[in-house]
Chemist: 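Right, I'll just put the structure down here and ask away after.
Quick note on labels: first sequence line is chain A, next is B, and so on, each numbered from 1. No experiment lies behind these values; they were computed from the predicted model shown.
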There are 2 protein chains.
Amino acid sequence: MESIVSKVLDKVDIQILDILQKQAHVSNAEIARRVNLSSPAVHTRIKRLENEGYINRQVAILNPEKLGFDLLCFVFISSNIHHAEKLDILEEAFRQMPEVLECHCLTGEYDYLLKVANKDRKDLQSFIRKLNKLGITKIQTSLGLREIKYSNVLPILDEEIE
Amino acid sequence: MESIVSKVLDKVDIQILDILQKQAHVSNAEIARRVNLSSPAVHTRIKRLENEGYINRQVAILNPEKLGFDLLCFVFISSNIHHAEKLDILEEAFRQMPEVLECHCLTGEYDYLLKVANKDRKDLQSFIRKLNKLGITKIQTSLGLREIKYSNVLPILDEEIE
DNA sequence: GCTGAAAGTATAAATTC
DNA sequence: GAATTTATACTTTCAGC
C-alpha cells in the first residue's frame, strides 16, 4: 500500500527533508553528496519543498536554561466558554502571549494544553493573572521538572518506524 | 536589578539570538544591517554563542499534516517505578522512540508527559503496545484536535515581556 | 537532471580604534 | 578587546545543454 505522501514526494525528497529537519545548516553540496545528486538539483528540490509547504520555517533552537528560563510549565485549561467568537478571542490571546510556546486544543478533561516558558515564580504568577483576566478559572498547572526529550524530528524515514 | 544573562550577553547578542530563533536562514550581512555591526563581527558573535551553548541547533520545521502525521497525541504516564536504574531505562526508551517528539518529567498526577506524532490509529495502537511492553499500565491519552500555536521562540527581548 | 560560470555569503587575515 | 576593512574560499543560483 502506497501512502499519500509518496505520490508527490519521492525517496530523495524525503531524504532531503530528513536532513534539513535534523540540521538546517547543511550545505546543498553536502546534501547532494549524501543523496547522490548535483547541488543545483538539490537546490531546486528544496525550493519546491518550501513553496509547496513541506518546510514551514528554519529556526535556531536556543538553550532555555542558559537564557534564564528555568520554569517550564504545562497549563491545562477548561474554558467553560462555548461561544465560537469568544473562543477565537481566547485563542488569539494565547497566540499573542510570548511566554506561551505551544497551545493545543485537546480531547479529554481539559480543552487546552499550554506549554509556557517563564523565568521565575514572579513571571509565572503574572502569567496566571493574565489567564484569570481572560475569564479562565479552571486551571491546572504542572511544573516541568526535567526535559527527557525535545525534538522537532518527524519520523518520515521508513527505516525509523518499526 | 541586572539579570544573570546580561553579565555575559549584551543587547546585541540577544538581538542576534532573537533573529536566529525566528529565522535561522537570515544572512550575516542582513543581521549586521539590523544590529548596526559589520558582518564579520556578527559572524564572530554567532560562533561564540554556538560554542558557549546558547544555540542548541538549527533545524527546519516540517509541516506534519502535509507529511501525513494527522494524529498528534499527548500521553500522560504514571510509571509506578521508583527504582532509579529502571527509570533511566524507561527514559532512554522514550528518547529512542521516533514517534515521541517530546518527553517531560512533571509534577502532579502523572510522572511523564509525552508528545507523540502518529500517522493513523494503527500507528497509535502499536505505540501504546510498545508502552505496555515497557511495563507502563497507567496511561491517559489526549488527542490533539487543533494546533493553536507551535513556537520555539523564547521571549528574550525585554519589549516582549509586559 | 547535469555542467560550469556568475553572484552572493561566510570566514580568515591584517589593521584600526 | 572588539570592531572594521580587505581578501579569499565557499555556497547558492542561474544559464545553456
Chemist: For Arg45(A), is there an ion pair with Asp13(A) - N to carboxylate O distance below 4.0 angstrom?
Modeler: yes
Chemist: Does the ring center of Phe74(B) lie less than 6.0 Å from the ring center of His104(A)?
Modeler: yes
Chemist: As an exercise, state the distance from CG of Leu154(A) to CG of Asp18(A), rounded to the nearest 0.5 Å.
Modeler: 9.5 Å
Chemist: Could you state the interatomic distance from CG (Asn118(B)) to CD (Glu99(B)), rounded to the nearest 0.5 Å?
Modeler: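 The CG atom of Asn118(B) sits 6.0 Å away from the CD atom of Glu99(B).
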Chemist: Are Phe94(B) and Val116(B) close enough that some pair of their side-chain heavy atoms sits under 4.5 Å apart?
Modeler: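 No, side chains not in contact.
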Chemist: Select from Pro40(B) and Arg45(A) the residue whose nearest nucleotide in DNA chain C is closer to the 5' end of that strand.
Modeler: Arg45(A)
Chemist: Report the distance from atom CG of Leu131(B) to atom OG1 of Thr137(B), rounding to the nearest 0.5 Å.
Modeler: 10.5 Å
Chemist: Using the side chain to side chain donor-acceptor pair (under 3.5 Å) rule, take Ser79(B) and Asp111(B) through it: C-alpha gap first, then chi angles, then the decisive distance, then the call.
Modeler: CA-CA 7 Å; Ser79(B) 68; Asp111(B) 299 326; 3.2 Å; yes
Chemist: Thr44(A) near the nucleic acid: base, sugar-phosphate alone, or nothing, with a heavy-atom cut-off under 4.0 Å?
Modeler: nothing
Chemist: I need the NE2-P distance between His43(B) and dA3(D), as an integer number of Å.
Modeler: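 Taking atom P of dA3(D) as the reference, NE2 of His43(B) is at 14 Å.
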Chemist: For chain B and DNA chain C, what are the first and last nucleotides along the strand, 5' to 3', with at least one atom under 4.0 angstrom from a heavy atom of the protein chain?
Modeler: dT9(C) to dA12(C)
Chemist: Check the distance between dA3(D)'s C1' and Ile46(B)'s CD1 and give it to me in whole angstrom.
Modeler: 16 Å
Chemist: At 4.0 Å (heavy atoms only), tell me whether Ser38(B) reaches a base, stays on the sugar-phosphate, or touches nothing.
Modeler: base
Chemist: Would you mind reading off the distance between Asn28(A) atom CG and dT11(D) atom C1', rounded to a whole angstrom?
Modeler: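 About 8 Å, once rounded to whole Å.
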Chemist: Angle class for the Phe76(B)/Tyr110(B) ring planes (parallel below 30°, perpendicular above 60°, tilted otherwise)?
Modeler: tilted
Chemist: What would the secondary structure line of DNA chain C be in dot-bracket form, counting Watson-Crick and G-U wobble pairs under 3.5 Å, with [ ] for pairs that cross earlier ones and | for pairs with another strand?
Modeler: |||||.|||||||||||
